[in-house]
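In what follows, every chain begins at residue 1, and chains take the letters A, B, ... in the order their sequences are listed. These values consider heavy atoms only, across backbone and side chains, with no hydrogens, waters or symmetry-generated copies. If you're wondering where the values come from, they're calculated on a predicted model, not measured in any experiment.
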Number of protein chains: 2
Amino acid sequence: MLRLSKLTDYATVLLAYMAKTNSHLHTAVELSEATAIHLPTVSKVMKVLSKAGVVYATRGSKGGYQLAQGPEQITVASIIGALEGPVAITECSSQTHDCEQASACEIKGNWGVVNRAIVNVLESITLADMMVTQQEYSSAEIQVSWQGLSR
Amino acid sequence: MLRLSKLTDYATVLLAYMAKTNSHLHTAVELSEATAIHLPTVSKVMKVLSKAGVVYATRGSKGGYQLAQGPEQITVASIIGALEGPVAITECSSQTHDCEQASACEIKGNWGVVNRAIVNVLESITLADMMVTQQEYSSAEIQVSWQGLSR
DNA sequence: TTTATACAGTACTAATTTAGTCCTATATCG
DNA sequence: CGATATAGGACTAAATTAGTACTGTATAAA
Ligand code: FES
Ligand code: FES
């Protein structure tokens with residue numbers, strides 16, 4: 001249903017907390033207590049974020065996690081990519097598809113264009129943007145223009 | 001994984017075929033043969049599209065389906081909406097959410113903004129756009145700007 | 001060097017969602 | 001009436017996601 005996984009949501013909440021309290025390394029236990037996300041889940045998410053390079057991990061006593069970049073450099077797309085892989089709204093939206101009925105298909109390639117548009121949005125929004133306090137959903141100003149093809 | 005359901009994909013393929021051959025009513029059998037989508041699945045999809053008002057259905061002998069509007073008026077968002085309901089990329093992205101940890105959450109409301117941005121993209125793309133023959137994915141020109149909050 | 005701490009990697013089960021099919025009912029035309 | 005075609009709902013199977021647990025590795029301090 002065009003929905004992100006819960007793990008991606010957790011990741012964003014965790015990263016936002018880390019961004020807010022950026023002075024020290026954060027252990028999984030601390031993150032769990034601060035966000036009320038169960039510890040095993042926090043661990044799972046942080047391991048994935050670490051492997052993807054979104055956060056930097058230090059092992060051992062006095063260890064923990066820290067953001068690999070500033071909140072302005074971490075995009076929502078990169079968070080999603082870490083947890084779920086590249087965004088692909090349909091099977092046919094990636095370059096490496098092999099749709100069975102491709103020869104007869106009227107919309108061939110167009111999901112790729114839609115996908116690209118959505119990725120552009122997600123790449124334009126950073127963790128810092130996600131930390132802005134919202135008064136109203138409707139107060140956001142987003143402008144999107146669709147110009148079709150250049151040829 | 002931010003993916004549309006297959007039924008939504010089928011719906012778009014079916015509607016694109018209908019748009020291309022707009023002169024007559026299309027039975028489920030004809031649509032199935034033209035698109036190579038199994039008949040039970042075609043029926044399921046068309047029933048949903050009919051209920052949502054995307055297509056108009058005529059019962060009985062000489063019956064079938066036709067587009068309720070021109071391809072330029074049918075948006076991708078409306079197709080998705082018919083099959084999957086309103087787009088909500090996370091539980092917290094709709095106005096009517098009641099997130100357990102909302103009081104402590106650093107990103108409260110921001111998924112709603114991201115969701116709105118994606119919906120804007122999907123509302124800007126029509127069935128007619130989806131029927132343009134694509135040479136290269138990269139040839140599409142989409143411009144998105146994120147301007148954050150107005151206040 | 002031993003011990004406590006904290007992350008890494010992997011495997012597994014349960015829960016949820018989606019896909020696909022089928023059956024019965026209703027409407028329309030000739 | 002009988003053939004055609006959609007409407008609605010129920011049901012099963014498949015796929016995906018969420019959540020948990022266990023074992024391994026690295027680090028720092030006693
Ligand atoms: S749906 Fe795959 S090529 Fe059209
Ligand atoms: S995730 Fe629900 S309010 Fe933040």
With nearest nucleotide decided by heavy atoms, which residue, A:Glu84 or B:Ser50, maps closer to the 5′ end of DNA chain D? B:Ser50
How is the hydrophobic cluster of B:Val29 composed, in terms of its other members, when Ile, Leu, Val, Met, Phe, Trp and Tyr link through side-chain heavy atoms under 4.5 Å apart, directly or indirectly? B:Leu39
Rounded distance in Å - CD (A:Glu30) to P (C:dC7): 10 Å
Starting at CG of A:Leu39 and ending at P of D:dC22, how long is that distance when rounded to a whole Å? 14 Å
For the residue pair B:Leu31 and B:Tyr17, establish whether any side-chain heavy-atom pair is separated by less than 4.5 Å. yes
Find the distance A:Tyr65:OH to C:dT5:P and express it as a whole number of Å. 17 Å
Any donor-acceptor pair under 3.5 Å linking the side-chain atoms of A:Thr126 with those of A:Gln73? no
So what does B:Ser43 hit on the nucleic acid, given a heavy-atom distance under 4.0 Å: a base, only sugar-phosphate, or nothing? nothing
What one-letter contact string describes nucleotides 17-30 of chain C from 5' to 3', where B marks a base within less than 4.0 Å of any protein heavy atom, S marks contact via sugar-phosphate atoms alone, and - marks no contact? -SSBB----BBBS-
Take atom CZ of B:Arg3 and atom C1' of D:dT17, then tell me their distance rounded to the nearest Å. 14 Å
Take the protein atom NE2 of B:His26 and the nucleotide atom C1' of D:dT6, then report the distance between them rounded to whole Å. 15 Å
Among the clusters formed by ILVMFWY side chains lying less than 4.5 Å apart, do B:Ile79 and B:Leu7 turn up in the same one? yes
Is a donor from one side chain sitting under 3.5 angstrom from an acceptor on the other, for A:Glu30 and A:His24? yes
Working for salt bridge (Lys or Arg N to Asp or Glu O under 4.0 Å), residues B:Arg3 and A:Glu84: CA-CA 11 Å; B:Arg3 175 158 290 192; A:Glu84 314 185 16; over 6 Å; no
Rounding to a whole Å, what distance do you find between B:Met46:CE and D:dG9:C1'? 19 Å
